[in-house]
Amino acid sequence: MTQDLYAHMREQVLIALRALVPDLPDDIAARVEVTPTRDPAHGDMATNAAMVSAKAARQAPAKIATGLVTYLGEADGVAEASAAGPGFVNMRLDPSAYRGLLPIILRAGEAYGDTATGAGIRVNVEYVSANPTGPMHIGHCRGAVVGDALANVLAKAGFEVTKEYYINDAGNQVTALAWAAYWRYLQAIGTPLSEEEFANEVPGGLQYRGEYLIPVGNALAAQHGTALANADLGIAAPDAWIDRVRDFTIDAMMKETHIDLAQLGVQQHVFSSERALVASGASDATIDRLAADGLIYEGVLEPPKGKTPDDWEPRPQTLFRSTQFGDDVDRPLRKSDGSNTYFANDIAYHADKLDRGYDILIDVLGADHGGYVARMRAAVKALSGGTKKFEAVLCQIVHIVRGGQPVRMSKRAGSYVTLSDLLDEVGKDAVRFTMLTRNADAQMEFDLDKALATTRENPVFYVQYAHARIRSVLRAAAEMLSPAAVADAALADANLDSLQAEPELALMRRLAAWPRTAEGAALAREPHRIAFFLYDLASDFHMLWNRGKDDATLRFLQKDRPEETLARLALVAATAVTIRSGLAVMGVTPVEEMR
RNA sequence: GCGCCCUUAGCUCAGUUGGAUAGAGCAACAGCCUUCUAAGCUGUGGGUCGGUGGUUCGAAUCCACCAGGGCGCGCCA
């Protein structure tokens, strides 16, 4: 039997259906599902097979259902099958079918739930990708966690996944950063220029005033002394120093970013630099490539209807025919002065990813980039001849609160809550888990108090507590029996016949749903489903545990009944394995005990 | 003005890609600690799934229109 009990039963249903409908079309077969029933009174699993095949079979759903019931009633592991409603076939599984799953889970370990759904499909997940202009903040954090968990769950579903970070180290933003670092440098060597005086000298003003650049200024002073501020090099002659200062500052910022990511438990495989990409001439090459396909022209865009910018004037630009691929308007690749737009660089970057052989490109972006998705999808379609897919996962804003009150901003960063502040406050695991307790495209409130609360209200705690309780039981069992006797491998051989109480079966049903849950989360690009699954799983476990409160004979460890004890240990050990499997996807470390 | 996302219990949110009588937590109410296991557990009440049409065996889910909220809208990244 496979790991996935639902997939196994679906095979049985298809065998039965093919017997009843000999020339069943493949596309109909593909629509056949076996799902958990919503109402336990309907049994354990239900299939829509009769309804979806009725038209092709030219028979009434009820008639096919009746035939399926006859077949499935005899099938391996099925205790009872019945037709219901408009043509559902409900199945009640023999408890032995669920029991048979426990050794499989115990032997699989954290690999339980792995599927081959995405086998052979190469996916690139790009996330975080912040401008290296300051410390990572709460907005980056959500993207980091969502992207990382998404990549993990895709890998669990068998996709070949690369985790990637795109360093936006080109353009005006990093030039402004260099100016700000230079200001801190002047302070470090004792400049008389005030903040306002300096800002007046800089094109675009002083944009990054946070204190985090003070160490950078000091480091520049230590390395260069006053050399960067000599009469011929000073503020009036930026060309002489700005490249050096910019590179130095970007390096310093990226070092910080790497530290933050490491503390968050994010390890990406590839870091791509926009600056390096531009320097290689990739942007122009990509524009040429599109031009060769006739997708580039010089033109003038209409102003947006209803809201014309104040300084609007029509100017000729190099435009990409994104409207041919579903976008609303054509998009500029070159500014009116002839230089490339960010979009042009980003197309080049995505072209680079395509050249590296990915089938699906997923960008995890902030919601403010929503308007960007259609044009990038158009570009990927154009570059790949429609054979490759671009997808975006948009993360809505996160508000940090404490006890319902907004949290003030960070002094160090100037205007926002930094990731490292958040990590100091609640720790990696609570941050990651909490970030995954909402659908990414819904706004969320992150309550610092609730993330640390030791109540059922806090899913992080509730799930960790379940795992800790199981580990505690297993430690006690090792004392009572022996460590070897309660190892997962030994428990996999236990006689499980005594497992038949409803709460035990409920827990086993939940365990059986893990592979399809992980697969569904991967296909829907919704890693938050893992958090909800684990919460439900923890709930089933706690319910079982609590039976022992009123009736001591229902506790897991029974000195005078070793066989029952081992069966119960196998069940809870398999639960712990499944919790670890889920937490691994989320990047959360399971705890051995609550302290 | 246009595009994208969102609207589910008093509150915060799920809802297994179109399935059966829409679910959790919190809050409210009623119970449970001399007990190996109360950071917890059991039970009760609470809904026009924003609205109106449509598609079909079946719609919270898909489509159209409307209302409310968020984000974005040439040479920023």
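To find a chain, count down the sequence lines: A is the first, B the second, and so on, and within it residues start at 1.
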Crowding at NZ, A:K335 (>12 non-hydrogen neighbours, <6.0 Å): yes

Sugar-phosphate, base or nothing in reach of A:A453, heavy atoms under 4.0 Å: nothing

Sugar-phosphate, base or nothing in reach of A:Y462, heavy atoms under 4.0 Å: sugar-phosphate

Chi-based syn or anti call at B:rC33, which uses purine or pyrimidine torsion atoms and a 90° bound: syn

Sugar-phosphate only, base, or nothing, as touched by A:H542 at under 4.0 Å among non-hydrogen atoms: nothing

Sugar-phosphate only, base, or nothing, as touched by A:L557 at under 4.0 Å among non-hydrogen atoms: nothing

Plane angle bin for A:Y372 and A:H369 - parallel if under 30°, tilted between 30 and 60°, otherwise perpendicular: perpendicular

Distance test, side-chain N/O of A:R456 to OP1/OP2 of B:rG40, below 4.0 Å: no

Sugar-phosphate only, base, or nothing, as touched by A:A367 at under 4.0 Å among non-hydrogen atoms: sugar-phosphate

Over 12 non-hydrogen atoms of neighbours within 6.0 angstrom of CD in A:E502: yes

Minimum-distance nucleotide (side-chain atoms of A:Q317 versus B:rU37, B:rG74, B:rA20): B:rG74

Sugar-phosphate, base or nothing in reach of A:R438, heavy atoms under 4.0 Å: sugar-phosphate

Nucleotide nearest A:T454 (side chain, heavy atoms from C-beta), chosen from B:rG15, B:rA39, B:rG74: B:rA39

Nucleotide of B:rC13, B:rC6, B:rU17 approaching A:D441 most closely (side-chain heavy atoms): B:rC6

Gap between atoms CG and C1', on A:L544 and B:rG40 respectively (whole Å): 15 Å

For A:A81 against A:L72, the heavy-atom pair lying closest together: CB-CB, 4.2 Å

C1' gap between B:rA38 and B:rC33, integer Å: 6 Å

Shortest side-chain distance from A:A442, nucleotide among B:rA14, B:rA39, B:rG19: B:rA14

Distance between P atoms of B:rC65 and B:rA28 (Å, rounded): 44 Å

Shortest side-chain distance from A:Q396, nucleotide among B:rC5, B:rU16, B:rC36: B:rC5

Sugar-phosphate only, base, or nothing, as touched by A:P314 at under 4.0 Å among non-hydrogen atoms: base

Distance (rounded to the nearest 0.5 Å) between A:L474 CG and A:I470 CD1: 7.5 Å

Pair assignment for B:rG1, Watson-Crick or G-U wobble, requiring both distances under 3.5 Å: B:rC73

Nucleotide paired to B:rC57 in any strand shown, Watson-Crick or G-U, under 3.5 Å: B:rG19

Sugar-phosphate, base or nothing in reach of A:T517, heavy atoms under 4.0 Å: nothing

Touch class at under 4.0 angstrom, heavy-atom based, for A:M543 against every strand present: sugar-phosphate

Side-chain N or O of A:H528 closer than 4.0 Å to phosphate OP1/OP2 of B:rU16: no

Complement of B:rC36, any strand, by Watson-Crick or G-U distances under 3.5 angstrom: none

Heavy atoms of other groups near A:R561 CZ, more than 12 under 6.0 Å: yes

Sugar-phosphate only, base, or nothing, as touched by A:F88 at under 4.0 Å among non-hydrogen atoms: base

Cation-aromatic face contact A:R331/A:F343, 6.0 Å, 45 degrees: no

Sugar-phosphate only, base, or nothing, as touched by A:R516 at under 4.0 Å among non-hydrogen atoms: base

Greater than 12 external heavy atoms within 6.0 Å of A:E479's CD: no

Touch class at under 4.0 angstrom, heavy-atom based, for A:E313 against every strand present: base

Any A:K335 side-chain N or O less than 4.0 Å from OP1/OP2 of B:rA77: yes

Between C1' of B:rC36 and CE of A:M480, the distance in whole Å: 13 Å

Per A:N172 side chain, nearest of listed nucleotides B:rU17, B:rA77, B:rA39: B:rA77

Candidate nucleotides B:rC75, B:rU17, B:rG40, ranked by approach to the side chain of A:R315 - the nearest: B:rC75

Closest listed nucleotide, where the reference is the side chain of A:M51 and the choices are B:rU37, B:rC75, B:rC57: B:rC57

Any donor-acceptor N/O pair under 3.5 Å between B:rA20 base and A:N90 side chain: yes

Atom C1', compared across B:rG47 and B:rU8: separation rounded to whole Å: 8 Å

Identity of whatever pairs with B:rC26 - Watson-Crick or G-U, under 3.5 angstrom: B:rG10

Sugar-phosphate only, base, or nothing, as touched by A:A513 at under 4.0 Å among non-hydrogen atoms: nothing

Sugar-phosphate only, base, or nothing, as touched by A:E33 at under 4.0 Å among non-hydrogen atoms: sugar-phosphate

